[in-house]
Amino acid sequence: KWGDLDVASKVCALGLQQSPIDIVAPIKSQLPPIKLSWAKTADTIVNDGHTIQLNFAEGSMLSLGDRRYRLLEVHFHRPSEHMIAGRSYPMEAHFVHRADSGALAVIGVLMSTGKPNAAFAKVAATMPAREGPPVKADIGPNPNDMLPKKLGYYRYSGSLTTPPCAETVEWLLLTNPITVAEADVAAFAKLYPLNARPVQRENRRYVLMSG
C-alpha cells in the first residue's frame, strides 16, 4: 500500500524493477568477483523503528569490476525478503553501499538457523530494545564475519525494499547462506517478528549468477 499512502512513494506501486524477488531461473554468467575491504567493526548501532541497523565510518569499500562503492550500513529483515525457488529463509542481512554517483549496491546475505555466528550473536546481544538514536557499538560486531566463505552471487537490477522504493540498486545476493543461532533469531523476532517486504514481480528481468 506504500504507493497509495504517499505520493513520494508512487514508484513502490508503479515501478517495474522492484525488489525483492523470487529467484527461480538465474543465468550462469561470467561476473566480476566481489572484492571487499571492510573495517572490522561497526561505528554505531540503532533501532530505527523498522529494523536493527549497524552504521560504518568512512573507509570500508566494495569493488565490483571497475566500480567502487562505500559501505554505509547493514540492517536485517525477518523473514528473508528474497526467495530462492520459492524458499524463504529465517532472516536476511543487507549491506548497503553507495558510489560517488549515488548509485547503490546492496549485498544480500541469507541467514539459516544452526551453528551460531559470533558477529550476529553480538548484534543480538547489544541491539537496543526500543527505537532511538544511534549509540556507539562498543563491542562492535565484525561485518566480515557475517559473510559466507565463498562470495558467489546472484545479480539483478532492482530497488530499495522500503519507501521510496527507488530503482537505483544493483543487487548482489550471495548464493551461500550463513548460519546463525536460533536463539539469536528469536531475540530479533521479539523486536521485529515481520519486517520483510513480499516478493515483487520479476517483469522479465534477467537474474545472473556468478560462475
Side-chain angles (χ1 to χ4, degrees), residues 19-20 34-64 68-82 89-99 103-113 115-149 151 153 160-163 166 169-174 176-197:
S19 296
I34 290 175
K35 295 181 180 178
L36 302 172
S37 56
W38 288 353
K40 293 183 179 179
T41 185
D43 184 36
T44 59
I45 186 168
V46 61
N47 181 334
D48 65 5
H50 305 284
T51 187
I52 299 297
Q53 179 173 305
L54 302 173
N55 300 309
F56 295 90
E58 293 278 352
S60 292
M61 302 298 295
L62 156 69
S63 297
L64 193 69
R68 283 172 57 80
Y69 303 84
R70 182 170 67 85
L71 176 62
L72 303 178
E73 47 98 346
V74 58
H75 61 266
F76 303 91
H77 295 276
R78 172 176 161 78
S80 68
E81 296 202 304
H82 288 92
Y89 286 76
M91 289 186 65
E92 183 174 339
H94 290 164
F95 294 86
V96 182
H97 303 74
R98 184 171 60 209
L104 299 174
V106 180
I107 294 177
V109 180
L110 299 167
M111 303 164 71
S112 293
T113 51
K115 183 180 177 182
N117 177 281
F120 187 67
K122 284 185 179 179
V123 175
T126 60
M127 56 189 180
R130 293 180 177 80
E131 181 180 355
V135 295
K136 197 70 179 172
D138 289 330
I139 312 174
N142 185 339
N144 300 276
D145 293 339
M146 286 188 279
L147 296 170
K149 289 181 180 178
L151 300 182
Y153 63 100
L160 299 173
T161 63
T162 53
V169 178
E170 192 73 27
W171 274 99
L172 311 168
L173 180 68
L174 301 190
N176 294 313
I178 62 169
T179 62
V180 298
E182 196 163 332
D184 294 333
V185 173
F188 183 90
K190 284 183 179 178
L191 301 181
Y192 294 105
L194 175 60
N195 70 337
R197 189 186 193 192

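- Counting non-hydrogen atoms of other residues, nucleotides and ligands closer than 6.0 Å to CZ of R68 gives a total of 12 or fewer.
- For F56, there are no ring pair (Phe, Tyr, Trp, His ring centres under 6.0 Å) partners two or more places apart in sequence or in a different chain.
- Residues L72 and R98 share a closest heavy-atom pair of CD1-CB, 3.8 Å.
- Of the candidates L174, V109, I107, L151 forms a side-chain contact (heavy atoms from CB on, under 4.5 Å) with just one, namely L174.
- Rounding to the nearest 0.5 Å gives a distance of 7.5 Å between CG of L173 and NE2 of H94.
- Contact annotation: the side chain of L62 approaches that of L172 to within less than 4.5 Å [non-hydrogen atoms, C-beta and beyond].
- In this structure, P79 and L194 have side chains that are in contact, with non-hydrogen atoms separated by less than 4.5 Å.
- Atom NZ of K35 sits about 13.5 Å away from atom CE of M61, to the nearest 0.5 Å.
- No side-chain heavy atom of V123 sits less than 4.5 Å from a side-chain heavy atom of V74.
- The heavy-atom pair separating T51 from H75 by the smallest distance is CG2-CB, 3.7 Å.
- Residues meeting the side chain to side chain donor-acceptor pair (under 3.5 Å) test with D43, sequence neighbours left out: K136.
- One distance of note links CE of M91 with CG of L110; it measures 11.5 Å at 0.5 Å rounding.
- Taken to the nearest 0.5 Å, the NZ atom of K122 stands 8.0 Å off from the CG atom of N142.
- Ring geometry for W38 against F95 counts as parallel: the plane angle stays under 30°, on a 0 to 90° scale with 60° as the upper cut.
- Heavy atoms only, all atoms of each residue included: E81 and R197 are closest at OE2-N, 2.7 Å.
- Between the NE2 atom in H50 and the CG atom in L191 there is a gap of 14.0 Å [rounded to 0.5 Å].
- Under the 6.0 Å cut-off for aromatic ring centres, Y192 and F76 do not qualify, their centroids lying 6.0 Å or more apart.
- Note: F188 and F120 have tilted aromatic rings, judged against thresholds of 30 and 60 degrees for the angle between ring planes.
- Looking at heavy atoms from C-beta onward, L147 lies in side-chain contact with L36 at the 4.5 angstrom threshold.
- Counting heavy atoms from C-beta outward, N117 and M146 have side chains that approach closer than 4.5 Å.
- Among all heavy-atom pairs drawn from A39 and N144, the shortest one is O-ND2, 3.1 Å.
- A donor-acceptor pair under 3.5 Å is absent between the side-chain atoms of N55 and the main chain of E73, judged by distance alone.
- In terms of heavy atoms, P143 sits closest to T41 at CD-N, 4.0 Å.
- Side-chain atoms of Y89 and H77, non-hydrogen and from C-beta on, never get closer than 4.5 Å to each other.
- Taking all atoms of both residues into account, the shortest heavy-atom contact from D145 to A119 is CB-CB, 3.8 Å.
- The distance from the CD atom of E170 to the NE2 atom of H97 is 13.0 Å, given to the nearest 0.5 Å.
- Residue P134 is tested with V46, L54, D48 for a side-chain contact (heavy atoms from CB on, under 4.5 Å); the sole match is V46.
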